[in-house]
Amino acid sequence: MERRKRKGWRMMSITATRRMKGSWTWRRWRKRRGAPPPTSPRASTGSYASTTCRHFSDGDVREKRRTMRDKTSTSKHIPDSKLPKVAVIGRPNVGKSALFNRLVGGNRAIVVDEPGVTRDRLYGRSYWGDQEFMVIDTGGVITLSKSQAGVMEELAITTTVGMDGIPMASREAAIARMPSMIEKQAVAAVEEAAVLLFLVDGQAGLVAADIEIADWLRRNFSHKCIILAVNKCESPRKGQMQALEFWSLGFTPLPISAITGTGTGELLDMVCSELKKFEGLEGLDDVEEDENRVPAISIVGRPNVGKSSILNALVGEDRTIVSPVSGTTRDAIDTELTTVDGQKYKLIDTAGIRRRAAVASAGSTTETLSVKRAFSAIRRSDVVALVIEAMACVSEQDYKIAERIEKEGKACVIVVNKWDTIPNKNNESTTHYEQDVREKLRVLDWAPIVYCSAINGNSVEKIISAASLVEKERSRRLGTSILNQVVREAVAFKAPPRTRGGKRGRVYYTTQAAVRPPTFVLFVNDAKLFPEPYRRYMHKQLRSDAGFPGTPIRLLWRSRKRTDRQQRRSNTEARGALVAAS
């Protein structure tokens, strides 16, 4: 019996050990085991303490590195547009997007085991040590010697989905221009980058496309630093063998693996050694955090409504590929915009959002990830520009997207694109069209409407003006006295209805609890005494009297806490009512 009891002490769990530390039982147990009693629980040097230190060592090191980086980095306040850039270039399906995600952290770019997924330039902020820089992901560069059918097969381009109303000749012309558009975006990334990461596939070996890209880089960009990285070399021993044949390209090959991270540290050392320290940082550290906040505007909508055309018209350049091919934009493309008055915005171009059933029936992993990226762009934006086509007007899918915007609590601007396609327009037709949009998008009846034509550039600047207005309303805070006056007038005009027992709700006072979106808390006697129709009435009155155009508002009804005496009185009344009823 004594032996079993001592064995139980020895097999004590870690949780029980932590609970007993420092107590009398803990000192007695250590005395039985022959260890001297510690002066304090934290002075213990037992196995549990050492295990805990080993367990948290990695996290402590990461936190320490992050703190040291924040203290020593000289570029943490530099805007993205002024950081040095590193472009990742190569043929399709060599792992450029996977390396981009490895360098910037997270899953910014869509990674699917099929060629031609990335088409536009995708920017991401990265750092290594005290050096910070921008990484640019590009689409695969295709050789011009391939036929149109080979290009379509390699890029997985469809000529039917989402192109029903487009003539066959226009489809073929758009598909023929797609490779040149992707290469144009890649060339733009190479021209603005300081360091070029030429990525090849170590498992596939050296192919003709790699030789052509190497010759093109050597011929046109020999003045820039070019680093040859041999991807998909998971094994360090086999990686050296796989990289041997790439010496013929004229660059020093470096075996890496974007998936496992093998060799990426040496790659980043080479990149940072080539990047010059950024100069001209005087005065940037004095800028406050609030002043550096840049509002984000995401452009969402169904496919082929002109989202990319609007982005290009706003920035004044071909930032994204514009084509009638359905699903041209896949990633969420972030672009900085500076207006004439110096205000900065972050524009986010997204992929077209089709119906869930249509996406599921297509069975495309790329489209599924693109839609997820679009919804993620809505969540991380301040203002959402919902683009609808003028001739198609509002569809059921537009209403579902609008519900998602309202649910996320984002400010919204309804953009009616291709307004030039409406024949015989006048003021009356505009009024009727707005009434139709308000009726079909009831969930966004508070959002302003902007009519524009992205192809011609007509009234595109009104989108930024409207977005700036609604973003300010979304961040506006209303005074408590004005807010309570509005609520008292609404209650005086229409009192809460009485229940069958004769009870009526009372509003004591109201306050604004938060912004983005504006959230108001109404303190009442009992929230159950306010039915849903009266809550909608209060919501409408608050919006009509207090403003807040372009942003959703939230109303929270809080019941007053009852004291013990009031609770006993209500319980007594309830029991008396039950006795009388029986």
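Across all their heavy atoms, E234 and Q203 have their closest contact at OE1-NE2, 3.6 Å. Scanning both residues, K418 and N304, for their nearest heavy atoms gives NZ-O, 3.2 Å. Closest approach of G205 and D210 over heavy atoms only: O-OD2, 3.8 Å.
In the model, D420 has no side-chain atom that pairs as donor or acceptor with a side-chain atom of N458 under 3.5 Å. Between R121 and Q185, the side chains place a donor N or O and an acceptor N or O closer than 3.5 Å (distance only, hydrogens not considered). Side-chain contact, T264 with R102: no donor N or O sits under 3.5 Å from an acceptor N or O. When only modelled atom types and interatomic distance are considered, S309 and N312 share no side-chain donor-acceptor pair under 3.5 Å.
The main-chain N or O of V384 is never found under 3.5 Å from a side-chain atom of S381 such that the two would form a donor-acceptor pair. Of the possible donor and acceptor atoms, one in the side chain of D120 sits under 3.5 Å from a partner among the backbone N and O of I321. The backbone N or O of R91 sits less than 3.5 Å from a side-chain atom of K96, completing a donor-acceptor pair. Looking at D215, its side chain never comes within 3.5 Å of a backbone N or O of E212 through a donor-acceptor pair.
Under the 4.5 Å side-chain criterion, counting only non-hydrogen atoms from C-beta, I464 is in contact with L337. Using a 4.5 Å heavy-atom cutoff, the side chains of L103 and L197 are in contact. Within the 4.5 Å cutoff, the side chain of V104 has no heavy atoms near those of the R125 side chain. The shortest side-chain heavy-atom distance between V415 and K307 does not fall under the 4.5 Å cut-off.
Residues forming a ring pair (Phe, Tyr, Trp, His ring centres under 6.0 Å) with Y451 (at least two apart in sequence, or on another chain): W419. Scanning for ring pair (Phe, Tyr, Trp, His ring centres under 6.0 Å) contacts around W128 gives an empty result, with sequence neighbours left out. With sequence neighbours excluded, the residues forming a side chain to side chain contact (heavy atoms under 4.5 Å, CB included) with N220 are W216, listed by chain and number. By the salt bridge (charged side-chain N to carboxylate O under 4.0 Å, His left out) test, D331 is found to be paired with no residue, residues two or more places apart in sequence or in another chain being considered.
Remark: I310 CD1 to I299 CD1 distance equals 6.0 Å, nearest 0.5 Å. N231 CG to D201 CG: the interatomic distance, rounded to the nearest 0.5 Å, is 7.0 Å.
In this structure, R404 forms a cation-pi arrangement with F375, its terminal cationic atom sitting closer than 6.0 Å to the ring centre and no more than 45° off the ring axis.
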Stepwise side-chain contact (heavy atoms from CB on, under 4.5 Å) check, R380 with I348
CA-CA 10 Å; R380 63 188 177 95; I348 309 175; 3.8 Å; yes
Let me have the donor-acceptor pairs involving side chains of residues 238-253, under 3.5 Å, with sequence neighbours excluded, atom names and distances please.
unit_1, atom_1, unit_2, atom_2, d
S248, OG, E245, O, 3.1

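Applying the side chain to side chain donor-acceptor pair (under 3.5 Å) definition to pairs two or more places apart or across chains, those involving residues 342-352 are S308-D349, Y345-S468.
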